[in-house]
A.B. asks: 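Take a look at the following structure, please.
These numbers come from a predicted model, not from an experiment. The analysis underlying the following values was restricted to heavy atoms, covering all of them including side chains, and did not include hydrogens, waters or symmetry mates. We count residues from 1, following the sequence as given.
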Amino acid sequence: MIEATISVGSAENLVLLFGAKDQHLKQIRGMIPAKISTRDGKIHVLGDEGAVHQATSVLEQLKSAVQRQGPLGPEQVSQIIQHVTDGTESPCAELVDIRSGRKIRPHTTGQSRYIQAIREHDLVFCVGPAGTGKTYLAVATAVEALRAQQIYKIVLVRPAVEAGESLGYLPGDLQAKINPYLRPLLDALREMMDYEQVRRYMEEDVIEVVPLAYMRGRTLNDAFIILDEAQNTTVSQMKMFLTRMGARSKVVVSGDTSQIDLPPHTKSGLIDAASRLRNIDGFSKVTLTGADIVRHRLVQDIVRAYDGGTKKKR
């Protein structure tokens, strides 16, 4: 048995660290067999060497996270505990600076590799399940690049493919019909910018959110171009999109190959392009997994349940 101590300071810091009604502490105790107590402004961890090492590592990471961003949610605490107990390395990419006083931090090693790939390559493909931050982190790095004047335009693109539902009879003009397809991109953008700033940038054509079909015939220079839900592009659509890339531009393509909504026997442009481009200099492909999911803790279990069912069926 060994013991380790962690200095906490004030009672307020302890409450933030352990969570309301000690919910974070309960999460740690439920996953790591170490005795955790407080005394004289310090946290005392007692147990076997491995358990003490894991518990102190979790507590130190929680302490750093609280200092950076204040109160944590149970999902964030779960992610930290999981990465420590699984033995996965800590994310190493720098924070994404989206505006003064607000930075976005990768939560997993996979997300860290994704951000690093975007910063180091002009063409990046990211493939992974729902909830891994594919779109969110791409939009964040685009906003960062715009702030740093590395590019002068952000173009957010999505194919207008129905997810098993017929939307053709919805009321409204063309813009009203395609707006639901583009909503996830706008949601990510509005988390990073004030509403008025987004509106002004869209009016000034600094930010453009468009369906994939509207990209034909264009050349985009000094732009950060993001294609979301790319698994629902055809081979010819993907070729058309990739060849829109102009001078000093960067392209990020993201998608989930387990959620293809194309007609039967239609090959996904994302799968096709990832194979064709793998040996091109300046291209990088990042694959995220269930371990990179940062939504509600149940999402990981849901993805595993569906993946397991798919494998059995095959």
Side-chain angles (χ1 to χ4, degrees), residues 93-100 102-104 106 111 113-126 133-160 175 178 181-182 184-230 233 236-255 269-270 273-274 276-277 280-286:
E94 295 178 8
L95 303 182
V96 182
D97 188 1
I98 56 172
R99 67 172 181 244
S100 180
R102 172 120 192 255
K103 293 179 172 62
I104 289 176
Q111 289 187 344
R113 286 189 288 106
Y114 182 30
I115 293 171
Q116 209 65 34
I118 293 173
R119 287 172 171 163
E120 294 175 358
H121 298 82
D122 288 336
L123 176 59
V124 175
F125 276 31
C126 182
K134 302 182 299 294
T135 305
Y136 189 80
L137 292 175
V139 174
T141 49
V143 171
E144 179 185 57
L146 184 64
R147 286 191 73 234
Q149 296 186 335
Q150 296 169 354
I151 48 98
Y152 297 99
K153 183 180 180 71
I154 296 175
V155 183
L156 308 175
V157 186
R158 245 190 172 212
Q175 189 60 43
I178 64 175
Y181 295 109
L182 307 175
L185 292 167
L186 286 169
D187 288 344
L189 193 60
R190 285 169 181 164
E191 277 195 45
M192 299 167 201
M193 289 183 173
D194 296 330
Y195 175 80
E196 285 301 318
Q197 187 177 28
V198 173
R199 186 180 62 79
R200 187 174 71 254
Y201 276 166
M202 292 182 77
E203 287 176 354
E204 296 171 355
D205 209 33
V206 174
I207 294 176
E208 189 177 359
V209 186
V210 294
L212 177 61
Y214 286 24
M215 294 291 287
R216 191 173 298 278
R218 303 179 64 183
T219 301
L220 296 166
N221 300 319
D222 300 295
F224 196 121
I225 312 156
I226 299 170
L227 174 60
D228 189 37
E229 297 291 336
T233 62
S236 60
Q237 285 175 330
M238 179 62 79
K239 179 184 176 182
M240 178 274 290
F241 170 78
L242 293 174
T243 53
R244 302 308 94 203
M245 187 178 185
R248 300 169 302 279
S249 287
K250 189 180 289 283
V251 170
V252 177
V253 176
S254 67
L270 174 61
R276 290 177 187 268
L277 306 178
I280 291 180
D281 186 35
F283 167 76
S284 177
K285 180 189 173 189
V286 177

A.B. asks: Quick one: side chain to side chain contact (heavy atoms under 4.5 Å, CB included) partners of Ala138, sequence neighbours excluded?
C.D. replies: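 By the side chain to side chain contact (heavy atoms under 4.5 Å, CB included) rule, Ala138 matches Tyr114, Ile226, Val252.
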A.B. asks: Could you work out, with ring-ring contact (aromatic ring centres under 6.0 Å, His included) as the rule, every residue matching Phe224, not counting sequence neighbours?
C.D. replies: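 ring-ring contact (aromatic ring centres under 6.0 Å, His included) check on Phe224 returns nothing, list empty.
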A.B. asks: May I ask you to check whether over 12 heavy atoms, not counting those of Arg218, lie within 6.0 Å of atom CZ?
C.D. replies: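 Above 12, so yes.
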A.B. asks: Of all residues at least two apart in sequence or in a different chain, which pass the ring-ring contact (aromatic ring centres under 6.0 Å, His included) check with Tyr136?
C.D. replies: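 None.
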A.B. asks: My understanding is that only residues two or more places apart in sequence, or in another chain, count here; which of them pass side-chain hydrogen bond (donor to acceptor under 3.5 Å, both in side chains) with Arg200?
C.D. replies: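 Arg200 satisfies side-chain hydrogen bond (donor to acceptor under 3.5 Å, both in side chains) with no other residue.
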A.B. asks: The criterion is side chain to side chain contact (heavy atoms under 4.5 Å, CB included); which residues satisfy it with Glu229, sequence neighbours excluded?
C.D. replies: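 With neighbours one apart ignored, the set is Arg158, Pro159, Gln231, Asn232.
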A.B. asks: Restricting to side-chain hydrogen bond (donor to acceptor under 3.5 Å, both in side chains), what partner residues turn up for Thr141, sequence neighbours left out?
C.D. replies: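 Listed in chain order: nothing, the list is empty.
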A.B. asks: Give me the atom names and distance for the closest heavy-atom approach of Tyr201 to Met193.
C.D. replies: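 Minimum heavy-atom contact is CE1-CE, 3.7 Å.
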A.B. asks: For Gln237 and Leu212, which heavy atoms make the closest approach, and how far apart are they?
C.D. replies: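 Heavy atoms only, the tightest pair is CB-CD2, 3.8 Å.
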A.B. asks: Under the rule for side chain to side chain contact (heavy atoms under 4.5 Å, CB included), what residues qualify as partners of Glu196, not counting sequence neighbours?
C.D. replies: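 Here the qualifying residues are Arg199.
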A.B. asks: State, to 0.1 Å, how close Lys134 and Ser254 come at their nearest heavy-atom pair, and which atoms those are.
C.D. replies: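 It is CB-CB, 3.8 Å.
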A.B. asks: How many angstroms lie between CG in Leu123 and CD1 in Ile225, if you round to the nearest 0.5 Å?
C.D. replies: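 CD1 of Ile225 is found 10.0 Å from CG of Leu123.
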A.B. asks: For the residue pair Val157 and Phe241, establish whether any side-chain heavy-atom pair is separated by less than 4.5 Å.
C.D. replies: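 Result yes, sub-4.5 Å side-chain heavy-atom pair found.
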A.B. asks: Any side-chain heavy atom of Arg119 sitting closer than 4.5 Å to one from Glu144?
C.D. replies: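 Yes; the side chains approach each other to less than 4.5 Å.
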A.B. asks: Would a 4.5 Å heavy-atom cut-off, applied to side chains only, mark Ile154 and Val139 as touching?
C.D. replies: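 No, every pair of side-chain atoms sits at 4.5 Å or beyond.
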A.B. asks: Return the set of residues passing side chain to side chain contact (heavy atoms under 4.5 Å, CB included) with Asp205 (not counting sequence neighbours), or none when no residue passes.
C.D. replies: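 Here the qualifying residues are Lys153, Glu208.
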A.B. asks: Work out which heavy atom in Leu270 is nearest to a heavy atom in Phe125; give both atom names and the distance.
C.D. replies: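 Heavy atoms of Leu270 and Phe125 come nearest at CD1-CD2, 3.6 Å.
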A.B. asks: Starting at OG of Ser236, measure out to CZ of Arg216 and round the result to the nearest 0.5 Å.
C.D. replies: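 Rounded to the nearest 0.5 Å, the OG-CZ separation comes to 7.0 Å.
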A.B. asks: Report yes if the side chains of Leu242 and Leu277 come closer than 4.5 Å at any heavy-atom pair, otherwise no.
C.D. replies: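 The answer is yes, as the side chains (C-beta and beyond) meet within the 4.5 Å cut-off.
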A.B. asks: Start with the C-alpha distance between Asp122 and Val251, add both sets of side-chain angles, then the distance that settles side-chain contact (heavy atoms from CB on, under 4.5 Å), and finish with yes or no.
C.D. replies: CA-CA 6 Å; Asp122 288 336; Val251 170; over 6 Å; no
A.B. asks: Can you see which heavy atom on Ala140 is nearest to which on Val96, and at what distance?
C.D. replies: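 That would be O-CG1, 3.5 Å.
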A.B. asks: Got a sec, which pairs hit side chain to side chain donor-acceptor pair (under 3.5 Å) with one end in residues 238-253, sequence neighbours left out?
C.D. replies: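 Sorted pair list: Asp222-Arg248.
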A.B. asks: Under the rule for salt bridge (charged side-chain N to carboxylate O under 4.0 Å, His left out), what residues qualify as partners of Arg190, not counting sequence neighbours?
C.D. replies: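 In terms of salt bridge (charged side-chain N to carboxylate O under 4.0 Å, His left out), with neighbours along the sequence ignored, Arg190 is linked to no residue.
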A.B. asks: Is the closest side-chain heavy-atom distance between Leu227 and Met215 below 4.5 Å?
C.D. replies: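 A side-chain contact is absent here, since even the closest heavy-atom pair is not under 4.5 Å.
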A.B. asks: When rounded to the nearest 0.5 angstrom, what is the spacing between NE2 in His121 and CD1 in Ile280?
C.D. replies: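 One gets 12.0 Å once the value is rounded to the nearest 0.5 Å.
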A.B. asks: Might you point out which heavy atoms bring Ala273 and Met238 nearest each other, and give the distance in Å?
C.D. replies: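 Looking at all heavy atoms of both residues, the closest pair is CB-CG, 3.7 Å.
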